[in-house]
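Below is one structure, written out as structure tokens; comments come after it.
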Amino acid sequence: PKAVCSLPAASRIDNSTLITSYPSIHTYLLHMSEAFEHSNKRPNPSPRKPRKKRRKTLNLPPPIAVIDNYHDPNLCISEEEREAKFKGKQRSAQHVPGNYASFVFLPISLDPKRRLDQVALKCIYSLVHTENTVELPATLTSMISHSSFSSWIHSQEDTIELHISLSRLCTLRKDQISSFVDKVAAMSESQSSHRIFALEFRNFAYLLNDDKTTSFLTITSSPECPGHSNVQTLLQDVDNIMKYFEFEPYYKESIPHISIGWKNVESCKEEYQSLQERELEQYFEIQFSTVACKIGNKIYTNKLHRN
């Protein structure tokens, strides 16, 4: 006997479709059952992402390095503290946030153990004790406490750092620093005009700063001294760099000099007027192999070419 299929009216389909699509009623029913089960299944919901915990923000003060760039601690000290700190020296350029005090110079490093440098140091020692009313930089203050040069030189372990200025003090913006450093480096690397040289010093004199508030005790080199022309060539090239950045060039009557100490002009007007350039007890030479520029607290050095 043949199996009889009794399907509800809503489930019946055309005979031709049933015969062509399914080989048997059993296969059809199996397929419909699977389709029904599949339609009743809900898709698995996507897993919820865990909520991120909000971090508490603390209003911390900016780093010290950032504060230093925008704040000048010397502006927050009293007049008495300022006087004690700078010993009468007047600041030639007021601090402006984002600007960096800069200048170009020839560095001098005198080694107390080196015999050639001892000649220069002996002249400086003699000046310090002769002109004993001037204020001294930290590197030279130890000379005062020694009654003889030999005792001082034997007590020294560190080199004495001095310099010869090749430019006036200027203020560079942060975006100008890289270009300024590159131009000074290109000037120093010029083989045709700038080579290692020795400069002779024969005299000492008091020189005034721009606003005539401070007098500096200096050791000077005159035009007839060997090496003087080398310094003049450097000064001219540095002047060209300063003009490029629209800064004031160096003094017209430039005198290559090493500053030893300073004093307030009000306390030494008569002495300054009576003291012109004088001859040192002994001439000495210093060899220069580097041009440097100081920008803020950073120093950039460039080697001169050997002869």
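Worth saying up front: this structure is predicted, and the values here are computed from it rather than measured. Position 1 is the first residue of the sequence; numbering continues from there.
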> Would Trp152 and Ser142 count as a side-chain hydrogen bond (donor to acceptor under 3.5 Å, both in side chains) if you check the C-alpha gap in whole Å, the side-chain angles of each, and the deciding distance to 0.1 Å?
Replying inline: CA-CA 8 Å; Trp152 175 79; Ser142 60; 2.9 Å; yes
> Do you know the tightest heavy-atom contact between Ile164 and Phe288?
Replying inline: CD1-CZ, 3.5 Å
> With distance as the sole criterion, is a donor-acceptor pair present between the side chains of Thr233 and Asp237 under 3.5 Å?
Replying inline: no
> Where is the tightest heavy-atom contact between Trp262 and Pro137, given as atom of each residue plus distance?
Replying inline: CZ3-N, 3.8 Å
> Same cluster for Ile196 and Val238 if Ile/Leu/Val/Met/Phe/Trp/Tyr side chains link at under 4.5 Å?
Replying inline: yes
> Linking I/L/V/M/F/W/Y whenever any side-chain heavy atoms sit under 4.5 Å apart, do Leu234 and Tyr244 land together?
Replying inline: yes
> Is any side-chain heavy atom of His257 closer than 4.5 Å to a side-chain heavy atom of Phe216?
Replying inline: no
> Distance from Ser167 atom OG to Glu248 atom CD, nearest 0.5 Å?
Replying inline: 11.0 Å
>> For Ser150, is there any backbone N or O sitting under 3.5 Å from a side-chain donor or acceptor partner on His154?
In response: yes
>> Under the criterion side chain to side chain contact (heavy atoms under 4.5 Å, CB included), I'd like the reasoning laid out for Gln282 against Cys123: C-alpha separation, chi angles, the key distance, then a yes or no.
In response: CA-CA 7 Å; Gln282 185 178 2; Cys123 289; 4.1 Å; yes
> Taking side chain as C-beta onward, heavy atoms only, is Arg173 less than 4.5 Å from Asn99?
Replying inline: yes
>> Quick check: closest heavy atoms across Leu199 and Pro256, and the distance to 0.1 Å?
In response: CD2-CB, 4.4 Å
> Does Leu140 reach the side chain of Tyr125, with side-chain heavy atoms less than 4.5 Å apart?
Replying inline: no
>> Do Arg202 and Cys225 have side chains that approach each other closer than 4.5 Å (heavy atoms only, starting at C-beta)?
In response: yes
> Do Tyr206 and Glu131 meet the criterion of a side-chain donor-acceptor pair at a distance under 3.5 Å?
Replying inline: yes
>> Quick one, Lys183 and Ile241 - any side-chain contact, counting heavy atoms below 4.5 Å?
In response: yes
> Taking the side chain as C-beta and beyond, is there a heavy-atom pair between Leu280 and Ile219 under 4.5 Å?
Replying inline: yes
>> Between Lys263 and Thr133, is the side-chain hydrogen bond (donor to acceptor under 3.5 Å, both in side chains) condition met? List the steps.
In response: CA-CA 8 Å; Lys263 61 173 70 176; Thr133 58; 2.4 Å; yes
> Do Phe245 and Phe180 have ring centres separated by under 6.0 Å?
Replying inline: yes
> Does CG in Asn297 sit with more than 12 non-hydrogen atoms of other residues, nucleotides or ligands closer than 6.0 Å?
Replying inline: no
>> Can you tell me how far apart CD1 (Ile124) and CZ (Phe201) are? Round to the nearest 0.5 Å.
In response: 9.0 Å
>> For Ser109 and Glu161, which I'm curious about, is there any donor-acceptor pair between the side chains at under 3.5 Å?
In response: yes
> Could you go step by step and tell me if Ile299 and Phe105 meet the side chain to side chain contact (heavy atoms under 4.5 Å, CB included) rule?
Replying inline: CA-CA 10 Å; Ile299 295 179; Phe105 63 98; 4.2 Å; yes
> For Glu246, does the CD atom sit with more than 12 other heavy atoms under 6.0 Å from it, leaving out its own atoms?
Replying inline: no
> Say you draw a straight line from OG1 of Thr159 to CD1 of Ile108; how long is it, rounded to the nearest 0.5 Å?
Replying inline: 12.0 Å
> Tell me, do Phe197 and Leu106 make a side-chain contact under 4.5 Å, heavy atoms counted?
Replying inline: yes
> If you group Ile, Leu, Val, Met, Phe, Trp and Tyr by side-chain heavy-atom gaps below 4.5 Å, do Tyr283 and Leu162 land in one group?
Replying inline: no
>> Applying side chain to side chain contact (heavy atoms under 4.5 Å, CB included) to Leu166 and Val231, what does each step give before you reach the verdict?
In response: CA-CA 8 Å; Leu166 295 177; Val231 180; 4.3 Å; yes
>> Whether Arg168 engages the ring of Tyr251 as a cation-pi pair (distance to the six-membered ring centre under 6.0 angstrom, angle to the ring normal within 45°) should be assessed.
In response: yes
>> Run Ser254 and Gln232 through side chain to side chain contact (heavy atoms under 4.5 Å, CB included) and show every step you take.
In response: CA-CA 8 Å; Ser254 58; Gln232 293 301 323; 3.4 Å; yes
> Is a side-chain N or O of Asn264 found less than 3.5 angstrom from the main chain of Thr214, in a donor-acceptor match?
Replying inline: no
>> For Phe284, run the side chain to side chain contact (heavy atoms under 4.5 Å, CB included) check against Val119, Asp117, Leu121 and tell me which one passes.
In response: Val119
> Shortest non-hydrogen contact from Ser165 to Leu235?
Replying inline: O-CD2, 4.3 Å
> Counting only heavy atoms not in Asp158, do more than 12 fall under 6.0 Å of its CG?
Replying inline: no
> Can you find a pair of side-chain heavy atoms, one from Thr290 and one from Leu304, that are under 4.5 Å apart?
Replying inline: no
> Taking it one step at a time, do Asp111 and Lys113 satisfy salt bridge (Lys or Arg N to Asp or Glu O under 4.0 Å)?
Replying inline: CA-CA 5 Å; Asp111 186 354; Lys113 308 303 180 187; over 6 Å; no
>> Tell me if a side-chain donor or acceptor on Thr130 pairs with a main-chain N or O of Ser126 at a distance below 3.5 Å.
In response: yes
>> Return the OG to NE2 distance between Ser289 and His305, rounded to the nearest 0.5 Å.
In response: 12.5 Å
>> Looking at every non-hydrogen atom in both residues, tell me the closest pair between Ser102 and Ile295 and how far apart they are.
In response: OG-CG2, 3.5 Å
> In Å and rounded to the nearest 0.5 Å, what is the NE2 to NE2 distance from His129 to His146?
Replying inline: 9.0 Å
>> Working to the nearest 0.5 angstrom, can you tell me the gap between Phe103 CZ and Leu172 CG?
In response: 12.5 Å
> Transitively linked via ILVMFWY side-chain contacts under 4.5 Å: Leu127 with Ile144?
Replying inline: yes
>> Give me the atom names and distance for the closest heavy-atom approach of Ser221 to Glu200.
In response: OG-O, 2.9 Å
